[in-house]
J.: 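My questions all concern the structure below.
By convention in this document, chain letters (A, B, ...) are assigned in the order of the sequence lines, proteins followed by strands, and residues within each chain are numbered from 1.
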Amino acid sequence: MTAATSSAGEEILRGENLSKSFGQVTALSDVSFRLKKGEVLALLGDNGAGKSTLMKILTGFHRPTSGSLYFDNQPVEFGSVTHARRAGIEPVYQDLALINELSVFRNMFLKREILRGGPLRLLNDAAMREKADAQLREIGIKLPSVDVPISKLSGGQRQAIAVARSVYSENVRVLLLDEPTAAMGVRESKQILDLIRRLKETSELAVIIVAHNYAQIFDVCDRINLLQYGTITFDRATADTSIQELTDIVVNSYRNADQTTPA
Amino acid sequence: MTQSNRHNAEGRVSEAPAAPAKRGSSLSRLGRNMAQWREASILLAAIVLVIYFQATSPAFLTLNNIGVLSQFATAVAIIAAGQVMVLICGELDLSVGQVYAITPFIMYFAQQAGLPLGVAIVLGLVVAALIGLVNGLITVGLGVSSFVTTLGMLFFIQGLTLTISGGFPVQPVAGEFWTAVLGGNVFGALLWMVAIALLFQFILFRTRWGLHTIATGGNPLGASQIGIRTGRVKIGNFMLCSMLGGFAGILDAFRIGSIDPLAGGTEIMFMAIASAVIGGTLLAGGSGTVIGALLGALVLAILKDGFTISGVSAYTFDMILGLAIVITMIMNVHLSRLRARGKT
Ligand SMILES: Nc1ncnc2c1ncn2[C@@H]1O[C@H](COP(=O)(O)OP(=O)(O)O)[C@@H](O)[C@H]1O
Ligand SMILES: [Mg+2]
């Protein structure tokens with residue numbers, strides 16, 4: 001408890017001059033950012049701005065073309081998703097990375113299954129089923145059963161499962177949410193945002209939320225970064241800005257885009 | 001802090017009543033129902049066919065004919081088990097029928113070189129696994145579609161088998177007991193078939209390997225994003241499929257009493273794929289069952305044998321087989337459409 005208060009505000013993740021190209025396409029040109037413990041950072045930007053690409057660099061799915069990452073002030077190079085997950089970075093991908101053919105509980109424990117052991121690595125379905133059921137109830141996600149395949153769920157339910165999976169992973173320290181409310185109705189979005197709010201109060205989990213609809217996440221986040229044309233053009237505490245200011249910036253950038261073609 | 005919260009959460013969990021889990025269990029089977037429904041319907045088809053052929057020709061359900069019937073089914077069903085694993089992770093193995101042919105030759109030559117039977121069999125299976133490894137490495141590592149990789153392998157192994165054998169069949173060497181155990185005895189062979197099907201059904205649905213196989217085929221990108229090494233899963237399943245093909249070849253060699261360089265081939269491979277498809281495996285990956293494929297192989301064997309007994313020509317069998325494959329595929333497509341509609 002005391003550790004939490006004293007360490008809150010310390011930096012957990014920092015990116016310096018990150019860039020990423022896919023062949024001819026430059027998704028990120030020069031991105032620097034900081035994330036503090038217990039902080040909820042919103043990463044805003046238009047479609048194609050490079051938000052998902054940045055997330056995938058943080059999760060070890062992509063390697064940056066140049067630039068460096070620091071985790072707990074130590075330089076890190078995540079060689080794989082498993083590597084980043086082991087460090088405590090848990091992604092919720094925009095495409096959710098759920099397997100339609102598998103049940104809810106099997107999706108929730110995918111790649112960190114509870115096993116009975118033995119050379120065949122038998123799955124302990126009973127334990128996973130019970131745990132998944134309890135975790136979902138705890139964060140207020142209602143499902144008829146954790147045995148239904150993902151293909152039977154609505155977009156919002158799927159998103160909730162993907163978030164729950166990440167939140168309950170063992171040593172999660174940084175949660176990355178890529179457009180968590182994109183596929184959701186109002187009620188479901190509120191549920192996910194409430195969940196993030198609750199996590200913020202009860203833990204020093206650091207969160208990055210990628211979003212497109214900034215009005216929706218404005219109240220939840222502590223700081224806002226705006227990603228435009230592959231670089232961060234705006235970095236301000238939520239308390240020091242307003243939805244109006246953000247709207248002005250976005251509208252202005254549209255005007256500029258109309259007048260001058262970006263190089 | 002986060003962690004301690006997590007533990008608190010789990011502490012509370014264990015106190016929670018198990019009621020909702022119970023409530024789930026009635027609905028819980030729903031997910032698996034589709035597959036079970038499929039399996040039940042193929043089983044029903046098999047039973048109807050048996051009744052029909054028994055009615056038209058009383059010779060059908062004799063011990064002798066059941067022996068003949070199992071000859072049609074065992075090797076196909078064993079290969080189908082491997083093919084199901086490969087199909088579920090989204091790939092295809094066209095070369096397994098040639099692995100079926102070459103493996104007993106490897107065994108035979110190893111014995112000729114003075115190795116004992118057991119070692120010779122293991123060596124044969126190791127070579128089969130290596131062929132699967134090459135299939136997997138080229139497909140996964142070089143990004144060649146498995147259709148092309150294994151098509152190339154099909155011709156390569158076929159030529160290799162004919163080269164090392166000189167084109168002539170040989171006789172497998174084993175004592176009476178081992179010959180019987182290794183497929184010489186009809187019921188021994190059936191036992192192998194059922195045991196292998198059950199084992200792979202178990203692997204598919206109760207082990208981490210099976211889970212990752214389904215995940216790899218169901219959502220390749222998602223599976224790799226979550227950290228599953230989908231390449232390894234595919235390579236492993238190519239190896240398993242190849243080994244099962246080789247083992248089926250060994251069993252048939254002892255059953256027939258001859259190792260033929262032209263045995264198996266594309267015919268047995270396509271029969272295995274047909275069994276898998278009739279058994280409900282989707283070529284798109286992500287879903288299928290080994291038991292379904294076993295039942296599919298049995299249905300095909302019953303049809304083939306039943307037609308032979310009632311004097312219907314092999315050509316008619318091929319026509320029926322063709323129709324059966326397409327009709328099952330149409331049913332599969334419609335089932336998934338129904339499923340998709342139920343979801344929204
Ligand atoms: N794997 C990839 N290969 C090629 N181009 C990509 C890839 N991923 C993203 N891009 C490109 O990079 C740019 C940024 O994409 P993305 O990060 O998905 O943006 P956002 O999430 O902000 O909408 C886009 O132009 C996109 O087409
Ligand atoms: Mg995106």
J.: Can you name the nearest heavy-atom pair linking A:Glu101 to B:Ile214, along with the distance?
T.: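 Heavy atoms only, the tightest pair is CB-CG2, 4.2 Å.
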J.: Which one wins on heavy-atom pair count under 4.5 Å against chain B: A:Thr59, A:Thr82, A:Leu110?
T.: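 Ranked by heavy-atom pairs under 4.5 Å with chain B, first place is A:Leu110.
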J.: Sort A:Asp125 into side chain, backbone, both or neither according to what part of it lies under 4.5 angstrom from a heavy atom of chain B.
T.: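 Just its side chain gets close to chain B.
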J.: Which atoms of A:Leu120 are under 4.5 Å from chain B, going by heavy atoms: the side chain, the backbone, both sets, or neither?
T.: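 When you check distances to chain B, atoms from both the backbone and side chain of A:Leu120 fall under 4.5 Å.
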J.: Roughly how far, to the nearest 0.5 Å, is CG of B:Leu211 from CG of A:Asn107?
T.: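 Here the rounded value is 8.5 Å.
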J.: Starting at OG1 of B:Thr207, measure out to CD of A:Glu113 and round the result to the nearest 0.5 Å.
T.: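 Reported value, rounded in 0.5 Å steps: 9.5 Å.
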J.: Decide if atom CZ of A:Arg14 counts as having more than 12 heavy atoms of other residues, nucleotides or ligands within a radius under 6.0 Å.
T.: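 Yes, enclosed.
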J.: In Å, rounded to the nearest 0.5 Å, how long is the span from CG of A:Asn124 to CZ of B:Arg206?
T.: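 So the CG of A:Asn124 and the CZ of B:Arg206 are separated by 11.0 Å.
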J.: Against chain A, work out which of B:Gln225, B:Arg208, B:Arg229 has the most heavy-atom pairs shorter than 4.5 Å and name it.
T.: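 Result: the option with the highest number of such pairs is B:Gln225.
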J.: Out of curiosity, A:Ile99 CD1 to B:Asn219 CG, how far, rounded to the nearest 0.5 Å?
T.: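 Answer rounded to 0.5 Å: 4.5 Å.
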J.: Take atom CZ of A:Arg121 as the centre, draw a 6.0 Å sphere, and report whether it contains more than 12 heavy atoms from other residues, nucleotides or ligands.
T.: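 12 or below, so no.
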J.: Where do A:Leu122 and B:Phe202 land on the side-chain contact (heavy atoms from CB on, under 4.5 Å) test, with the steps shown first?
T.: CA-CA 9 Å; A:Leu122 298 189; B:Phe202 186 81; 3.4 Å; yes
J.: Could you report the tightest heavy-atom contact between A:Lys111 and B:Gly227, atom names first, then the distance?
T.: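 Reported closest heavy-atom pair: CE-O, 2.8 Å.
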J.: Does A:Arg197, at its CZ atom, have more than 12 non-hydrogen atoms belonging to other residues, nucleotides or ligands within less than 6.0 Å?
T.: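 Result for CZ/A:Arg197: enclosed.
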J.: Quick one: do A:Phe61 and B:Leu221 satisfy side-chain contact (heavy atoms from CB on, under 4.5 Å)? Show the steps, please.
T.: CA-CA 11 Å; A:Phe61 188 72; B:Leu221 178 65; 3.7 Å; yes
J.: Against chain B, label A:Arg165 side chain, backbone, both or neither, depending on which of its atoms sit under 4.5 Å from a heavy atom there.
T.: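 The answer is the side chain of A:Arg165.
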J.: In this structure, are over 12 heavy atoms from other groups packed under 6.0 Å from A:Arg63 atom CZ?
T.: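 Counting neighbours around CZ of A:Arg63, more than 12 heavy atoms of other residues, nucleotides or ligands fall under 6.0 Å, so yes.
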J.: Measure A:Leu115 against the heavy atoms of chain B and call it side chain, backbone, both or neither at under 4.5 Å.
T.: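 Just its side chain gets close to chain B.
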